[in-house]
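Scroll down for the structure; my scribbles are underneath it.
Keep in mind it's a predicted model, so treat the numbers as computed, not measured.
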Amino acid sequence: MNISPGLVADSVVISHNPSDPGDVLIELYGCSPETVTRAVQRAARAQTAWLAVGAAARSAALHRVGDALDAAHEELTGLLVREVGKPLMEAREELTRAVAIWRYYAQLPQDAPRAVHEPTSGPGLLLTRRRPRGVAGLITSWQFPLAGPSWKAAPALAAGNTVIVKPAPEATACALRLAEILKGVLPPDVLQVAPGGPEIGATLVSLADVVSFAGSPAVGTAVVCAAASRGVPVQTEMSGQSAAVVLPDANVTRAATDIAAAIAGYAGQKHTTTKRVIAVESVLPKLREALRQAFHTLSARDPNRADAVCGPVISKAARDRVIHARDSALASGAHVLAGAPRGDWKQTPGWFIDPILLENVPGDHALNHEGICGPVAVLSRAASFDEAIRAANSGRWGVVSSLHTSDLEKALQAVDRLHTEMVRVNAPTTGVEFLLPFEREKEPGKVREKDRATMDFYTSTRTVSLLPTTSA
């Protein structure tokens with residue numbers, strides 16, 4: 001892969017194929033802080049011209065981005081599978097979503113003014129205008145290497161900002177290929193990529209005019225503090241510990257199928273992955289059996305296979321964390337309800353790990369309180385609907401809840417009582433619709449993301465008074 005010139009040695013970035021760690025996709029020197037500084041300066045200069053080209057030109061450019069990504073669909077799908085182990089069908093869906101995101105936001109530069117009013121007295125006009133904030137610093141995770149930068153960069157560019165993407169090291173090849181494709185579509189320096197480690201992200205946060213972050217809670221909290229100290233708008237997307245609540249009147253077979261897929265999908269590495277299953281007591285016997293059946297077809301396998309749901313986890317360290325969490329829970333009295341039994345996983349070169357559902361996990365165990373990144377989840381019981389709601393709300397990270405029931409009244413109650421930004425009724429926790437807002441609960445930097453609300457984040461609002469003059 002051709003790397004843009006000007007990268008100064010700081011730290012080596014290496015990206016491995018998680019299905020075959022001996023397959024190195026990319027090895028390069030990451031940026032230095034000085035390189036990031038120069039990139040921000042170039043972006044600031046480019047931003048003036050990017051805004052000046054006008055709404056119609058920005059709209060057309062974003063449409064061309066969507067077309068360019070669509071034309072590279074098969075190539076980029078293969079890159080997703082190879083670099084981050086995303087199962088083939090999910091990789092195709094991510095590319096389709098990325099294309100749709102660019103085309104959706106291409107409509108927004110020409111949105112009408114937000115408000116026009118008459119003055120309270122006399123002739124004239126009062127109106128509001130959006131103005132871009134400047135240079136957007138986008139720190140993206142490896143879970144969605146192409147859709148993630150797209151749903152941050154597209155609205156930022158639509159509003160007239162320029163952007164610098166600092167990708168997770170594990171997804172560097174995807175980010176650089178994305179930038180390479182967009183280089184033929186966008187003006188110079190409107191979108192740049194700054195590969196590297198934590199120091200590069202910290203430098204970008206210290207210089208950008210607006211910051212959007214996706215990654216770990218520890219780093220995200222530091223990003224919020226750094227941005228807030230400068231008075232810079234910031235939004236975060238961090239960990240997840242989503243819960244699925246199953247009521248006695250649920251369609252148990254369907255619920256079990258959805259829940260199992262939401263635990264195993266992409267090896268349990270999405271922020272929307274189901275980590276806790278909470279069942280009202282009377283449905284437990286039937287649900288246990290349905291979950292055992294649902295897990296039978298979800299073992300980890302080569303992500304290039306069309307039937308793959310669970311591929312490898314992203315790294316050896318990630319697999320070790322899942323194994324440690326499983327073994328410590330089993331040592332504390334838990335037992336395996338469904339999925340892989342105790343013992344070693346497949347003896348393959350890749351970082352594969354079969355999905356697992358545990359029961360009787362002690363209440364103080366980390367699996368009940370932390371979002372372990374991997375295909376492992378906990379089943380627990382609740383005496384009633386009210387207790388199940390309280391248990392679902394006890395999670396540290398309020399991302400998504402799912403409720404499985406045929407009782408419309410209970411479903412409507414849950415919508416109001418569950419403390420998550422998304423509630424999915426009779427559907428898996430996984431899946432985010434970019435046409436609707438996504439406002440994170442229970443974490444710093446809580447700002448609405450996706451849909452048209454994102455334009456508010458990437459812009460400031462100016463109120464303008466236009467009053468006629470009187471002749472002298």
Side-chain angles (χ1 to χ4, degrees), residues 217 237-252 254-256 258-260 262-263 268 270-288 290-291 325 328-329 332-335 337-338 356-373 376-432 437-444 446:
E237 180 185 347
M238 299 193 286
S239 187
Q241 200 191 11
S242 298
V245 175
V246 184
L247 302 187
D249 53 21
N251 179 327
V252 174
R254 175 181 168 182
D258 286 346
I259 290 168
I263 294 169
K270 304 173 189 176
H271 289 171
T272 55
T273 294
T274 296
K275 297 299 180 184
R276 297 174 297 143
V277 184
I278 303 162
V280 173
E281 271 186 309
S282 59
V283 78
L284 262 175
K286 190 175 180 181
L287 180 63
R288 286 191 185 103
L291 285 168
S328 65
S332 300
H335 68 264
L337 175 67
I356 187 167
L357 180 62
L358 300 169
E359 195 173 13
N360 294 336
V361 175
D364 60 351
H365 192 274
L367 285 172
N368 283 310
H369 304 286
E370 300 175 12
I372 303 296
C373 191
V376 57
V378 172
L379 173 66
S380 59
R381 70 184 69 200
S384 64
F385 169 70
D386 290 338
E387 185 177 306
I389 295 295
R390 287 194 296 271
N393 287 339
S394 68
R396 182 180 178 187
W397 307 104
V399 183
V400 190
S401 300
S402 68
L403 179 76
H404 300 269
T405 181
S406 60
D407 186 330
L408 179 59
E409 182 179 355
K410 287 286 196 299
L412 292 174
Q413 288 183 41
V415 167
D416 290 331
R417 294 174 60 185
L418 287 166
H419 298 167
T420 52
E421 62 268 30
M422 290 193 296
V423 178
R424 296 170 62 85
V425 179
N426 296 323
T429 57
T430 48
V432 175
F438 185 45
E439 184 172 355
R440 305 278 298 193
E441 298 276 350
K442 300 183 180 180
E443 65 181 51
K446 183 180 73 173

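Judged purely by atom type and a 3.5 angstrom limit, E370 has no side-chain atom pairing as donor or acceptor with the backbone of A366. In this structure a side-chain-to-backbone donor-acceptor pair under 3.5 Å is missing from N360 to H335. Panel note: side chain R254, backbone N426; a donor-acceptor pair is recorded below 3.5 Å. Judged by distance alone, the side chain of H369 and the main-chain N or O of G363 form a donor-acceptor pair under 3.5 Å. Checked by atom type and distance alone, the side chain of R276 never pairs as donor or acceptor with a backbone atom of N368 at under 3.5 Å. Panel note: side chain T420, backbone V423; no donor-acceptor pair is recorded below 3.5 Å. A donor-acceptor pair is defined here as one N or O able to donate and one able to accept, closer than 3.5 Å; such a pair exists between the side chain of H271 and the backbone of M238. Between the side chain of S406 and the backbone N or O of D249, at least one donor-acceptor pair lies under 3.5 Å.
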Evaluate the side-chain contact (heavy atoms from CB on, under 4.5 Å) criterion for residues H404 and L247: first the C-alpha distance (whole Å), next the side-chain angles of each, then the deciding distance (0.1 Å), finally the verdict.
CA-CA 6 Å; H404 300 269; L247 302 187; over 6 Å; no

Candidate pair L403 and V245, rule side-chain contact (heavy atoms from CB on, under 4.5 Å), full reasoning:
CA-CA 5 Å; L403 179 76; V245 175; 3.7 Å; yes

Should L358 and V376 be marked as a side-chain contact (heavy atoms from CB on, under 4.5 Å) after you check the CA-CA gap, both sets of side-chain angles, and the distance that decides it?
CA-CA 8 Å; L358 300 169; V376 57; 4.2 Å; yes

Can you check side-chain contact (heavy atoms from CB on, under 4.5 Å) on L412 and D416, steps first, answer last?
CA-CA 7 Å; L412 292 174; D416 290 331; 6.0 Å; no

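To the nearest 0.5 angstrom, R417 atom CZ is 5.0 Å from F385 atom CZ. Taken to the nearest 0.5 Å, the CG atom of L357 stands 9.0 Å off from the CD1 atom of I259. Atom CD1 in I389 sits 9.5 Å away from atom OG in S384 (nearest 0.5 Å). With rounding to the nearest 0.5 Å, the separation of CG in L367 from CD1 in I356 is 9.5 Å. Note that CG of L284 and CD of E359 are 6.5 Å apart. Values are rounded to the nearest 0.5 Å. Summarising the geometry, atom OG belonging to S401 is positioned 11.0 Å from atom CD belonging to Q241; distances are rounded to the nearest 0.5 Å.
When all heavy atoms are compared, the tightest approach of G431 to R424 is O-NH1, 3.4 Å. When all heavy atoms of V283 and P248 are compared, the closest pair comes out as CB-CA, 3.9 Å. The nearest pair of heavy atoms linking S402 to A427 is CB-O, 3.2 Å. Minimum interatomic distance between I372 and K275 (heavy atoms only, all atoms of both residues): O-NZ, 2.6 Å. Between A382 and I278, the shortest heavy-atom distance links the atoms CB-CG2, 4.0 Å.
Partners of D407 under the salt bridge (charged side-chain N to carboxylate O under 4.0 Å, His left out) rule, at least two apart in sequence or in another chain, do not exist in this structure.
Residue T429 forms a side-chain hydrogen bond (donor to acceptor under 3.5 Å, both in side chains) with just one option from T273, T272, T274, D258, and that option is T274.
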